[in-house]
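Notes for the one structure printed next.
All figures in this text were calculated on a predicted structure; none of them were measured in a lab. Order of the sequence lines sets the chain letters (A, B, ...), proteins ahead of strands, with each chain counted from 1.
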Protein chains: 2
Amino acid sequence: MLTKEELEEYCKTARESYLPHISIDCVVFGFHEGLLKVLLLTVKNEGGWYLPGGFVLKDEPIELSANRILKERTRLDEIFLQQFHVFGDPQRSKQHFDMYKDMLPPKDNWFTNRFLTIGYYALVDFCDVNPSPDQFAATCSWCDLNDLPELKLDHALILKTALDTLRLQLNYQPIGYNLMQKEFTMPELQKLYETILDKKLDRRNFQRRMLGFGILKRSEKPRKGGAHKAPYLYSFDLENYEAALKEGFKGGW
Amino acid sequence: MLTKEELEEYCKTARESYLPHISIDCVVFGFHEGLLKVLLLTVKNEGGWYLPGGFVLKDEPIELSANRILKERTRLDEIFLQQFHVFGDPQRSKQHFDMYKDMLPPKDNWFTNRFLTIGYYALVDFCDVNPSPDQFAATCSWCDLNDLPELKLDHALILKTALDTLRLQLNYQPIGYNLMQKEFTMPELQKLYETILDKKLDRRNFQRRMLGFGILKRSEKPRKGGAHKAPYLYSFDLENYEAALKEGFKGGW
DNA sequence: CGCCGATAGTGTATTTTTGACACAAGAGTA
DNA sequence: TACTCTTGTGTCAAAAATACACTATCGGCG
């Protein structure tokens with residue numbers, strides 16, 4: 001929560017720099033140890049969790065806005081970002097900023113405006129990311145999708161919509177490629193599919209089908225270390241992968 | 001094109017009523033005689049074709065905006081509308097309204113603002129629609145998708161994106177239901193699928209598969225009149241249809 | 001009235017893909 | 001070396017997709 005002076009300063013800058021009434025919220029997905037994760041923030045001096053979000057500069061393409069916002073708020077840069085929905089309920093942020101309501105007259109107060117928010121989902125390699133909060137955030141951390149805290153605003157809806165989109169686009173977007181590490185085992189990839197689809201898959205049929213797409217390259221050396229049979233390592237054959245995505249992977253899961 | 005007085009009046013009303021920097025454009029699809037059609041407008045005293053579009057009232061949910069805009073501009077009401085993409089290039093409308101640029105100072109001039117536009121696609125029963133232009137439009141008419149005029153602004157991109165979305169969502173949205181008349185023949189439905197997918201399908205396999213979904217009811221009486229064997233009439237079994245859509249029709253085309 | 005052309009309805013053999021399942025192989029551990 | 005756990009691979013039956021051919025019925029025409 002901001003002091004009156006901070007609020008005034010912030011609102012002034014915001015009005016000068018950003019398009020009014022428009023925001024962007026990002027759902028950043030990562031995958032680690034068989035679990036889907038989302039990057040969430042908490043705000044200083046305030047309880048509750050938020051998706052990383054921000055505003056659109058007056059002369060900035062929105063794709064770049066989304067990228068910039070993520071970079072500013074989480075230090076992530078040049079990652080896979082995909083617009084998925086606009087949330088335009090006039091009430092969606094109405095009560096939320098009540099705390100600032102009386103500090104400034106409505107016409108000066110950026111936060112009592114109505115905001116449409118454009119939802120983007122992002123896919124990152126969990127291991128590449130070292131979440132670190134920006135000046136406004138107290139914390140920035142990965143949360144397990146199965147164990148989410150309560151989210152502020154309509155961010156739970158945005159998150160759910162992102163997840164539904166992910167599920168629907170699994171055959172048309174490079175989701176595996178962007179969420180997995182460079183090299184991975186077949187069981188790890190299967191776990192990702194199972195998590196996104198929320199459904200158990202048969203190990204052998206999954207492997208047959210995946211290999212059938214012709215988008216995987218098998219590395220010579222298996223991964224050692226576990227107390228079991230060493231699994232082969234795979235990586236995506238980017239050329240074939242992209243060609244296959246244009247058609248979509250046929251068949252359902 | 002507006003006179004200076006009309007422009008002043010319009011800008012004043014717009015600033016009072018609408019959210020700035022945000023617009024909505026609608027791609028209205030219809031299907032008639034085996035061809036996909038799109039509803040396009042021309043503007044009075046100006047060449048060129050546009051998608052029907054408009055603005056969001058300050059306190060209006062965007063879904064209602066889209067509905068209202070279509071109603072105002074084309075008299076269509078309560079039709080299937082689906083948000084599909086936001087177009088946010090800062091240049092997308094920059095040059096377009098140059099004709100109004102010098103009539104009013106930039107801060108008063110609604111049209112020299114940057115606009116993000118939210119794309120909606122709409123599906124209507126062609127026969128229900130009697131296109132009629134509103135006060136701003138000179139004409140409002142169906143255009144064949146294979147024979148489109150040149151579109152203003154980035155409306156060609158918006159239209160193409162809508163069409164791509166339609167193709168991807170064919171198995172998840174009630175596209176057939178909303179584009180076909182209440183009763184239709186199997187070859188007519190097949191033609192719709194062929195048109196959207198831009199691909200020939202086998203008559204017999206199409207029929208078997210469609211019937212296999214269990215979403216069609218066959219009417220007792222066939223359609224008479226043509227100089228050929230009378231085809232059966234079908235209609236959608238709405239209950240099964242909606243249940244099936246939740247899962248998605250499995251398999252590709 | 002019967003034949004023709006065109007379109008619609010239905011069936012069947014073949015191939016491909018899915019789904020279910022079992023066993024062998026390798027790596028660490030006791 | 002035997003055991004456990006996990007991964008890799010093969011096989012068979014069922015289901016689905018594909019390719020293709022025949023029959024039925026309408027209106028029109030001689």
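Rounded to whole Å, atom C1' of dG9(C) lies 17 Å from atom CE of M210(B). Straight-line distance from the CZ atom of R203(B) to the P atom of dA17(D): 19 Å, rounded to whole Å. Going from atom CG of L233(B) over to atom C1' of dG9(C) covers 14 Å, rounded to whole Å. If you measure from atom CD of Q190(B) to atom P of dG9(C), you get 10 Å, rounded to the nearest angstrom. If you take CZ of R209(A) and P of dT16(C), they are 17 Å apart, rounded to a whole angstrom. One can place CG of L201(B) at 14 Å from C1' of dA19(D), the figure rounded to the nearest angstrom. Rounded to an integer number of Å, the gap from F213(B) CZ to dA17(D) C1' is 12 Å. Protein atom CZ of R218(A) is 8 Å distant from nucleotide atom P of dG8(D), rounded to whole Å.
Taking only side-chain nitrogens and oxygens, Q207(B) comes nearer than 4.0 Å to OP1 or OP2 of dT10(C).
Note on ring orientation: taking the six-membered ring where Trp is involved, the planes of W142(B) and F126(B) are tilted (angle from 30° to 60°). Between H155(B) and Y50(B), the ring planes are perpendicular. Angles over 60° get that label, and only those under 30° would be called parallel. The aromatic rings of Y241(A) and F249(A) sit perpendicular to each other, their planes meeting at more than 60°, with 30° as the lower class boundary.
Proximity of L238(B) to Y177(B): side-chain heavy atoms (C-beta onward) are separated by under 4.5 Å at one or more points. In this structure the side chain of L35(A) never reaches within 4.5 angstrom of the side chain of L145(A), judged on heavy atoms.
Across all their heavy atoms, K37(A) and H32(A) have their closest contact at CE-O, 4.1 Å.
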- Item | Under 4.0 Å protein heavy-atom contacts per nucleotide of nucleotides 25-30 of chain C, with B for base, S for backbone only and - for none | BBBS--

Do any N or O atoms of the protein come closer than 3.5 Å to N or O atoms of nucleotides 10-13 of chain D, and which pairs are they?
none

- Task: Could you walk me through whether F236(B) and F184(B) pass the ring-ring contact (aromatic ring centres under 6.0 Å, His included) test, one step at a time?
- Result: CA-CA 9 Å; F236(B) 284 99; F184(B) 50 87; 5.1 Å; yes

- Query: Given K71(B) and D77(B), is the salt bridge (Lys or Arg N to Asp or Glu O under 4.0 Å) satisfied, shown in steps?
  - Reply: CA-CA 5 Å; K71(B) 189 172 168 184; D77(B) 198 9; 3.3 Å; yes

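Note on R73(B) versus D134(B): salt bridge recorded, some NZ/NE/NH1/NH2 to OD/OE distance being below 4.0 Å.
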